[in-house]
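We number each residue from 1, following the sequence as shown.
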Amino acid sequence: MSNEAIPAPAVLLIGGSATGKSNFLVRAWLGLRKSGQVKLIGTPEDIEYVEQGASYLMRGQFVPRTSRDAPVQNFAATVELLEGECKGEVRQILLPDINGELWSKAVHTREIPEEWHRRMQSAHGAILFVRLSQPSFVEPLDWVTARELLGLDSSEPFDQYPTQVEICELLHFLRDTMLANNRHRKPRVALVITAWDALPADHGSPEDVVRKNMPMVSGLLEDQKGIEARVFGVSIVDGDLDADADAQRRCKEDLSPLGYSVITNAEGAAEKIRDVTLPIAWVLSAP
């Protein structure tokens with residue numbers, strides 16, 4: 001365990017494997033260099049990780065998944081908030097990227113490594129990622145029927161939890177730990193649905209998507225008192241770089257106009273905003 005001081009405020013990137021954390025971080029780095037709702041001030045000292053990731057996107061490829069044995073990549077920067085109640089305020093941010101298996105293991109064992117417990121306690125807020133496409137999204141199962149279909153013995157553990165159960169547990173972890181050092185304000189958690197462009201055309205707003213696909217999570221968010229939560233959709237490049245030749249071509253030509261965030265507007269409809277840093281801006285702009 002590292003004894004190094006942890007800069008604050010941190011915005012934790014949390015989610016299971018293959019949920020899009022690394023790709024979001026890299027695309028957000030490129031977005032911070034433009035004027036959205038949050039703007040980069042100066043140049044961070046260590047940008048090798050995000051610049052290397054950006055080179056993949058500019059070649060029309062997704063950033064490779066973070067290796068299980070890879071060290072934590074801490075992207076630190078100074079930013080200015082350009083909208084909302086905290087407009088004009090300057091914040092030091094830390095966006096740590098780590099393999100998603102740590103978070104899945106935390107749900108299964110009900111334990112978090114001490115270093116990450118400290119990080120969560122000192123965090124200003126968090127971005128919690130979920131991807132609704134397979135194989136990372138696990139649908140709820142009828143456990144008795146599933147055991148028979150899969151040929152499992154009734155005494156054999158079935159350790160692949162439905163995704164919505166993991167999300168609920170992670171929300172509980174965040175609430176219980178972040179409140180420890182945030183007694184005068186509600187910590188913010190942005191629940192980000194990645195690969196928004198891959199959803200069916202009639203998916204509705206981000207809240208609609210959660211309600212339809214993860215009703216347990218929807219209910220928890222509606223009754224959440226310890227934290228302030230909001231659901232976002234995000235597409236980092238407007239397409240699937242693994243299967244869409246047009247999306248690959250657009251990235252190679254000019255990545256800057258691609259990518260967007262989706263919110264639920266006052267009318268309850270989905271609203272697309274050409275700013276992938278929107279979840280970060282919202283987490284940081286808590287009064």
Looking only at heavy atoms, the pair that brings Glu48 and Asp46 closest together is N-OD1, 3.4 Å

Identify the two heavy atoms, one from Phe75 and one from Pro44, that lie closest to each other, and give their separation to 0.1 Å.
CE1-CG, 4.0 Å

Would Arg230 and Glu228 pass as an ion pair if we require N to O under 4.0 Å?
no

Check ring-ring contact (aromatic ring centres under 6.0 Å, His included) between Phe173 and all other residues, then give those that pass, not counting sequence neighbours.
none

Derivation of the side chain to side chain contact (heavy atoms under 4.5 Å, CB included) call for Leu57 and Asn23:
CA-CA 8 Å; Leu57 293 181; Asn23 279 282; 3.8 Å; yes

Please tell me if the side chains of Glu271 and Val262 come closer than 4.5 Å, counting only heavy atoms from C-beta onward.
no

Measure the spacing between NE2 of His203 and CG of Asn213 and express it to the nearest 0.5 Å.
11.0 Å

Could you work out, with side chain to side chain contact (heavy atoms under 4.5 Å, CB included) as the rule, every residue matching Ile41, not counting sequence neighbours?
Thr78, Glu80, Val90

Do the side chains of Asp202 and Lys212 get close enough for a salt bridge, i.e. N-O under 4.0 angstrom?
no

Any donor-acceptor pair under 3.5 Å linking the side chain of Lys21 with the backbone of Gly16?
yes

For Leu278 and Ser261, work out which heavy atoms get closest and say how close.
CB-OG, 3.5 Å

Residue pair Phe24 / Thr19, side-chain heavy-atom distance below 4.5 Å
no

Between Val130 and Thr194, is a side chain to side chain contact (heavy atoms under 4.5 Å, CB included) present by the stated rule, with each step listed?
CA-CA 6 Å; Val130 60; Thr194 56; over 6 Å; no

Is the closest side-chain heavy-atom distance between Leu81 and Leu284 below 4.5 Å?
yes

With rounding to the nearest 0.5 angstrom, report the CG to CG distance, Leu95 to Leu12.
9.0 Å

Please check if the side chain of Asn265 supplies one atom and the backbone of Ala269 the other of a donor-acceptor pair under 3.5 Å.
yes

Any Gln37 side-chain heavy atom under 4.5 Å of Ile280 side chain:
no

Verdict with reasoning, Lys87 to Glu85, per salt bridge (Lys or Arg N to Asp or Glu O under 4.0 Å):
CA-CA 6 Å; Lys87 181 178 180 180; Glu85 297 178 65; over 6 Å; no

Would you call Asp275 and Tyr260 a side-chain contact if the rule is heavy atoms closer than 4.5 Å?
no

Shortest non-hydrogen contact between Ile193 and Val209, atoms and distance:
CD1-CG1, 3.7 Å

What one should report as the nearest heavy-atom pair of Ala54 and Val26 is N-CG1, 3.2 Å

Under the criterion side chain to side chain contact (heavy atoms under 4.5 Å, CB included), I'd like the reasoning laid out for Leu82 against Val38: C-alpha separation, chi angles, the key distance, then a yes or no.
CA-CA 6 Å; Leu82 303 179; Val38 60; over 6 Å; no

Side chain to side chain, Leu191 and Phe232, heavy atoms closer than 4.5 Å:
no

Within residues 49-62 or reaching into it, pairs that qualify as salt bridge (Lys or Arg N to Asp or Glu O under 4.0 Å) - sequence neighbours excluded
Arg33-Glu51

Could you pull out the closest heavy-atom pair between Leu241 and Gly60, with the gap in Å?
CB-O, 3.6 Å

If you round to the nearest 0.5 Å, how far is CD1 of Ile167 from OG of Ser218?
13.0 Å

If we ignore hydrogens and angles and just use 3.5 Å, is the side chain of Arg175 paired with the main-chain N or O of Ile227 as donor and acceptor?
no

Start with the C-alpha gap between Ser22 and Tyr56, add the side-chain angles, then the distance that decides, and say whether side chain to side chain contact (heavy atoms under 4.5 Å, CB included) holds.
CA-CA 12 Å; Ser22 298; Tyr56 281 96; over 6 Å; no

Between Leu13 and Phe129, is there a side-chain heavy-atom distance shorter than 4.5 Å?
yes

Does the Arg131 side chain pair with the main chain of Trp196, one donor and one acceptor, at a distance under 3.5 Å?
no

Using a 3.5 Å distance criterion without hydrogens, assess whether the side chain of Asp197 forms a donor-acceptor pair with backbone atoms of Asp238.
no

Is there a chain of hydrophobic side chains (I, L, V, M, F, W, Y, each step under 4.5 Å between heavy atoms) that links Val231 to Val276?
no

Looking only at side-chain N and O atoms, does Ser285 offer a donor or acceptor that is under 3.5 Å from a partner on Arg188?
yes

Considering only heavy atoms from C-beta outward, does the side chain of Cys251 approach that of Met58 to under 4.5 Å?
no

